[in-house]
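As structure tokens, the structure follows; a few thoughts come after it.
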Amino acid sequence: MCEFCHKHGEGKKWYLEAKNYSDDLLSDLNRSKFIEQFFSHVPSAGDLSRAEEKLENSPPLIRGIVKRLALRKQKKVHYGQVLPVEDVERILEFVNSVVRISCICRYLNLGKEKRYCYGISLSPDGGKFGELLRNVAANPSAPPAFKHSEKLSKEEAIAAFRSHEHEGLCHTVWTFNTPFIGGLCNCDRSDCLAMRYTVTHDFPMMFRAEYVGAVDPDLCSGCRECMRVCQFGAISYSPSDKKTRIDAKHCYGCGVCRALCKKDAIRLVDRMSVPFAAKRW
Ligand code: SF4
Ligand code: SF4
């Protein structure tokens with residue numbers, strides 16, 4: 001179990017605890033203020049690339065210190081975890097409002113509106129979280145990407161996530177001033193900041209999933225489709241037996257490779273049962 005499961009899930013998966021989505025948590029004024037600021041003060045694409053360049057060019061000692069401090073702060077305010085699609089569906093079963101909005105990372109990186117992010121709430125009308133987001137969107141200086149939201153039924157949301165998975169996108173769940181959970185996203189490492197920092201810069205912004213992928217060699221045909229979609233470089237191909245293998249040390253347990261495998265050769269197993277992966281979050 002990841003650290004948040006122990007702290008915020010009473011030893012079970014923290015993102016399946018309804019209390020972490022409740023409006024009660026939003027009665028904390030610091031949290032409401034954090035959410036308003038988070039969505040109102042979006043950095044520019046230039047600021048982001050300068051920050052990334054600075055990080056890459058900093059000496060290892062400085063980088064290590066910045067990383068430790070940033071990690072501690074991120075876990076308190078805005079941290080994520082990779083989820084396989086069935087856990088996304090379990091969340092969608094108990095929330096009562098799903099609103100699709102544009103992804104701010106892609107808006108900043110590509111200058112285009114791509115609707116890959118979902119605001120979720122236990123209240124049918126989006127509750128206090130929905131109200132906060134509507135207030136941000138009503139502000140004339142809000143980024144255009146936040147202006148248009150669409151309400152989805154549970155069935156539409158589930159179909160959308162399945163379709164994102166077939167695009168090779170990795171599902172993630174996000175806190176807004178931990179442990180309040182308000183969003184589900186569909187990330188890729190080229191355009192999503194949190195994933196790019198986590199994977200490319202080794203600067204974690206999210207936990208790995210509670211699972212790890214495993215290939216059944218008896219079913220694998222060696223087509224290598226799974227390698228093409230793994231965003232974490234966890235799959236290798238062996239020319240000697242013409243099969244692929246998943247390296248548990250690098251696997252994030254997203255399950256995207258499984259969705260693309262026509263031979264049904266990949267399954268997800270409990271991370272805690274795999275020695276090389278059990279302590280890697
Ligand atoms: S997609 Fe499936 S069949 Fe193809 S190489 Fe990967 S595990 Fe094997
Ligand atoms: S090998 Fe692991 S990280 Fe890569 S796509 Fe499969 S489940 Fe995700």
Side-chain angles (χ1 to χ4, degrees), residues 1-5 13 15-16 79-91 103 105 116-118 158 160-174 184-281:
M1 297 255 128
C2 75
E3 184 186 318
F4 279 11
C5 293
K13 295 186 177 87
Y15 50 80
L16 297 180
Y79 208 70
Q81 183 164 22
V82 171
L83 300 183
V85 73
E86 49 272 61
D87 279 3
V88 171
E89 290 180 4
R90 289 168 79 184
I91 294 171
C103 167
C105 297
Y116 286 130
C117 298
Y118 296 75
I158 290 171
F161 274 86
R162 289 268 171 197
S163 152
H164 296 324
E165 182 152 288
H166 281 273
E167 290 175 66
L169 302 178
C170 169
H171 317 304
T172 49
V173 61
W174 291 94
L184 292 168
C185 296
N186 293 279
C187 305
D188 69 63
R189 74 177 191 195
S190 57
D191 300 323
C192 293
L193 293 169
M195 189 174 274
R196 200 156 80 205
Y197 267 77
T198 303
V199 181
T200 310
H201 299 304
D202 187 26
F203 209 94
M205 297 275 184
M206 59 180 82
F207 293 118
R208 295 164 190 230
E210 304 286 330
Y211 312 89
V212 172
V215 177
D216 180 340
D218 292 336
L219 296 175
C220 175
S221 68
C223 70
R224 289 182 264 185
E225 270 301 292
C226 50
M227 282 178 79
R228 190 180 59 78
V229 293
C230 179
Q231 301 200 46
F232 305 97
I235 308 180
S236 59
Y237 176 74
S238 162
S240 57
D241 62 0
K242 299 190 173 54
K243 310 277 178 192
T244 52
R245 284 181 186 77
I246 293 178
D247 181 346
K249 287 200 294 299
H250 297 297
C251 175
Y252 271 63
C254 64
V256 171
C257 54
R258 179 188 55 171
L260 276 289
C261 176
K262 292 191 176 66
K263 299 289 177 186
D264 206 12
I266 302 176
R267 66 199 159 89
L268 292 181
V269 298
D270 185 352
R271 176 171 290 275
M272 297 303 285
S273 69
V274 180
F276 292 124
K279 291 189 179 158
R280 291 180 78 91
W281 294 103

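All ligand and atom numbering here is 1-based and tracks the order in the structure.
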Give me the nearest non-hydrogen protein atom to atom 8 (Fe) of ligand 1 as residue plus atom name, then the distance to 0.1 Å. Cys220 SG, 2.4 Å
Within 4.0 Å of some non-hydrogen atom of Thr244, the atoms of ligand 1 are 5 (S), 6 (Fe), 7 (S), 8 (Fe)
Is the distance from atom 8 (Fe) of ligand 2 to some N, O or S atom of Cys254 under 2.8 Å? yes
Has Cys261 got an N/O/S atom less than 2.8 Å from atom 8 (Fe) of ligand 1? no
Test: Arg208 cationic atom under 6.0 Å from Tyr252 six-membered ring centre, within 45° of axis: yes
Considering non-hydrogen atoms of the protein only, which is the closest contact for atom 7 (S) of ligand 2, and what is the distance? Gly255 N, 3.2 Å
How does Ile266 reach ligand 1, if at all, at less than 4.0 Å between non-hydrogen atoms: by side chain, backbone, both, or neither? side chain
Taking only heavy atoms of Gly222 into account, list the atoms of ligand 1 that are under 4.0 Å away from them. 5 (S), 8 (Fe)
Between Lys263 and ligand 1, which residue portion shows a heavy-atom distance shorter than 4.0 Å: side chain, backbone, both, or neither? side chain
Test: Arg258 and Glu86 ion pair at under 4.0 Å: yes
Can you confirm whether Leu83 sits close enough to Thr172 that some side-chain heavy atom of one is under 4.5 Å from a side-chain heavy atom of the other? no
Nearest to atom 4 (Fe) of ligand 1, what protein heavy atom do you find, and at what distance? Cys223 SG, 2.2 Å
So which bit of Val212 gets within less than 4.0 Å of ligand 2, heavy atoms only: side chain, backbone, both or neither? neither
Using 2.8 Å as a strict upper limit, say whether an N, O or S atom of Cys226 approaches atom 6 (Fe) of ligand 1 that closely. yes
Protein residue, atom and distance nearest to atom 3 (S) of ligand 1, heavy-atom basis: Ser221 N, 3.3 Å
Under 4.0 Å from one or more heavy atoms of Ile235, ligand 2 contributes atoms 1 (S)
